[in-house]
2 protein chains.
Amino acid sequence: MQKVPTVYDVAELAGVSIATVSRVLRKPHEVADATRDRVNAAVLDLGYVPSGSARSLAARRSGAIGLCLPDFDGIDEVSGLAPVEFSDGRVSTVLDLPEDVELGDHLYISEVMLGTEIEAWQHGMAVTIAVARGSRGSEIFDNLAGRVDGIVTLARTIPDKQLAHIARRVPVVVLAGPRSDDEYDHITTDNAEGMRVMTSHVLEEHGVTDLAFVGGPADSPDDDARFRGFCQALRAAGLPAPATPVARGDFTRAQGRSIGRRLLAEGRVPRALVCSNDQTALGVLDALTSAGRRVPEDVIVTGFDGIDASEVSRPRLTTVYQPMRDLGRAAVDTLLHRLRDSQIPPQTRTLPVKVLLRGSCGCLPPESV
Amino acid sequence: MQKVPTVYDVAELAGVSIATVSRVLRKPHEVADATRDRVNAAVLDLGYVPSGSARSLAARRSGAIGLCLPDFDGIDEVSGLAPVEFSDGRVSTVLDLPEDVELGDHLYISEVMLGTEIEAWQHGMAVTIAVARGSRGSEIFDNLAGRVDGIVTLARTIPDKQLAHIARRVPVVVLAGPRSDDEYDHITTDNAEGMRVMTSHVLEEHGVTDLAFVGGPADSPDDDARFRGFCQALRAAGLPAPATPVARGDFTRAQGRSIGRRLLAEGRVPRALVCSNDQTALGVLDALTSAGRRVPEDVIVTGFDGIDASEVSRPRLTTVYQPMRDLGRAAVDTLLHRLRDSQIPPQTRTLPVKVLLRGSCGCLPPESV
DNA sequence: TTGTACGCGTTATCAG
DNA sequence: CTGATAACGCGTACAA
């Protein structure tokens, strides 16, 4: 680490030119066996590791793709973070009472990350991640854009203006965003159609006509599409569609709970609550059951996403599953296509969703929760 | 994207030298206001984004840290991965019966990633991740090492030999590994002590003397330390300590289940099963309860890690919580220290654990599960 | 305050 | 098959 060896050092030790060293590393078959062995020995001997920066600079590609994520953990200022505490050798023991767990809060994003990484790995590329925390986001994303071959970003993570700026340097793929009039490739899921089918199920199979939609953030394109699907199903059934959701949360379980409590307090709980995502639905479920309402007997609750937590709630949540991991994979796939051919017009590729009927709509017998 | 602008283009448009452009970007205050404005305008106009490669090369630091993770998702060959399927516009509906969920399988790693990212972000650094999948691992890690300022790796992710090679170029911090006779900095948790306290609790508070340890992989340093803690508690209580765990799994819930079934079949279920991690414990719990054994009345089960899934099991799992996120944070913190001063001797920093008493050891009344 | 010129460690294009 | 040598895009002493 004191004196990091370079191609020159390797070349000298092996008694060849730097060009040959480079060849041994990149196209070993173009080099004579004996020469190759000498070079490889020198590499091992010196502890040589090629400089990625120099390599990227000369090759005009970095072999990495950038993943931009929104501030999903709520940490947004450096000052707000306590330093890590180390052990003093003692182990404390506490009686841990049950409480509400924000289980699966990061799951959506974790899955997207994983999918991105997997597909990148398949193509021998690395993934560099950047989270839009705090005020320095701008700087962070520019830095990222400068060091990768392409960028995958969740919708609404990077301000439009900056995204446009970045996109002049590297291709951009937007995840879960609406296909607006931009120049980017998009990956979406069947939000509207999924919610339409889900709603129709409640309408037709369960004969419910009194149902309301619990939404997410007003500026969420996902939420918007889901609400549209909900309304569409209502109209198709000859029912009036509301102009807006009965309430809006921020896609967190905590907000779902408070919405549930509010509806209870105001006596506005309908026969079925169709929620815009699982977290919200689970929160609503919490509020309902702790107020003594039976789900699904008194109220039907449905979600959207299919996070793991929806699988272990009581009752298990009927929801619309979307392939989160494939979202990341599809984005990278699209990015690589674009890298190969920058001429093709901006694409929008849609991933399928699947309606999972479980306990919270009443499709399963009580014993299977 | 057609013709990516460089400092030269910006300099020309702004009518200054490239040195000035560079200054505007790095030390804006050393440049006259008017000049700065002209340059910034040119930057915006051209859509200029500095090349990270060139920057890293010239500055001799990349501003990124690498995170090496084991093949936690079991994907190890490119061929084994089906391509992403896109939507055909139809939404399928399925009756989704309850089944065993591998909830939280990636949680440990997700948390470490998150912690790493947070701490890196605080210091304006990016994180590049690499997973040790398949046979190309070697290549991948070398590439990573060449493009980052330092590396954080989970123990046993990179073969010793290669790690030694890499470490000659960049500093390395090993997570959750044993402090062996290497030159790396290490971050560990109080595995042995945590397990000792947990075991003592079962021994003393619940008066159990008939207990067994269900281990993880034989080559896991974490598992090893935990088993030592277990034995230590037994001896302290005047009981004989076993030479080996009663069974070994691979830290997955599935293995935990089969171990549970095996013990049941062989009639070797003791009064308490102390497990080396939560997944294993949850699997054991599955096997026990589905065989009609009551936990904690008939058998006490405990875990280690404190993953979210341990919080929602029935009964909720008594376990030893370790701060997974802090593991990542501490690693980055240590790495940055080392970057600043390469002279200090290799350090080992230990993070505290906490024993969480919940339902599966019998510390909580039945109603709070 | 601004400009000149060199170096950073590779890759790639030619000759040989 | 191997060796010079010119980019690659930026940071930075050193000058002006």
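Everything quoted here is computed from the prediction, not taken from an experiment. Throughout, a chain's letter reflects where its sequence line sits, starting with A, and its residues are numbered from 1.
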When the distance from [atom1] of [X] to [atom2] of [N] is rounded to whole Å, what number comes out?
| X | N | atom1 | atom2 | answer |
| --- | --- | --- | --- | --- |
| Arg147(A) | dG9(D) | CZ | C1' | 15 Å |
| His29(B) | dT1(C) | NE2 | P | 10 Å |
| Lys27(A) | dT2(D) | NZ | C1' | 14 Å |
| Asn143(A) | dG11(D) | CG | P | 10 Å |
| Leu57(B) | dC8(C) | CG | C1' | 4 Å |
| Arg23(B) | dT12(D) | CZ | P | 11 Å |
| Glu30(A) | dT13(C) | CD | P | 11 Å |
| Ile18(A) | dG9(C) | CD1 | P | 11 Å |

### Query
Given Arg325(A) and Glu117(A), is the salt bridge (Lys or Arg N to Asp or Glu O under 4.0 Å) satisfied, shown in steps?
CA-CA 10 Å; Arg325(A) 191 177 297 193; Glu117(A) 200 284 324; over 6 Å; no
### Task
Name the closest nucleotide to the Ala19(B) side chain, picking from dT4(C), dT11(C), dA4(D).
dT4(C)
Does a side-chain N or O from [X] land closer than 4.0 Å to OP1 or OP2 of [N], or not?
| X | N | answer |
| --- | --- | --- |
| Arg55(B) | dC10(D) | no |
| Thr20(A) | dT2(D) | no |
| Ser53(B) | dG9(D) | no |
| Ser17(B) | dG3(C) | yes |

### Query
Between Asp149(A) and Ser62(A), is any side-chain donor less than 3.5 angstrom from a side-chain acceptor?
yes
Give one of base, sugar-phosphate or nothing for [X], where a contact means two heavy atoms less than 4.0 Å apart.
| X | answer |
| --- | --- |
| Val7(A) | base |
| Val21(B) | nothing |
| Arg26(A) | sugar-phosphate |
| Ala32(B) | sugar-phosphate |
| Ser51(A) | sugar-phosphate |

### Task
Using the closest heavy atom to pick a nucleotide of DNA chain D for each, name whichever of Thr35(A) or Tyr8(A) lands nearer the 5' end.
Thr35(A)
### No-H, no-angle donor-acceptor pair, Arg60(A) side chain to dG9(D) base, under 3.5 Å
no
### Message
Is it the case that dG11(D) (base atoms only) and Arg61(B) (side chain only) share a donor and an acceptor within less than 3.5 Å, ignoring hydrogens and angles?
### Response
no
### Query
Under a 4.0 Å N-O cut-off, is there an ion pair linking Asp333(A) with Arg349(A)?
yes
Is a donor on one side and an acceptor on the other found under 3.5 Å between the side chain of [X] and the backbone of [Y]?
| X | Y | answer |
| --- | --- | --- |
| Thr128(B) | Thr128(A) | no |
| Thr35(A) | Val31(A) | no |
| Asn40(B) | Asp37(B) | no |

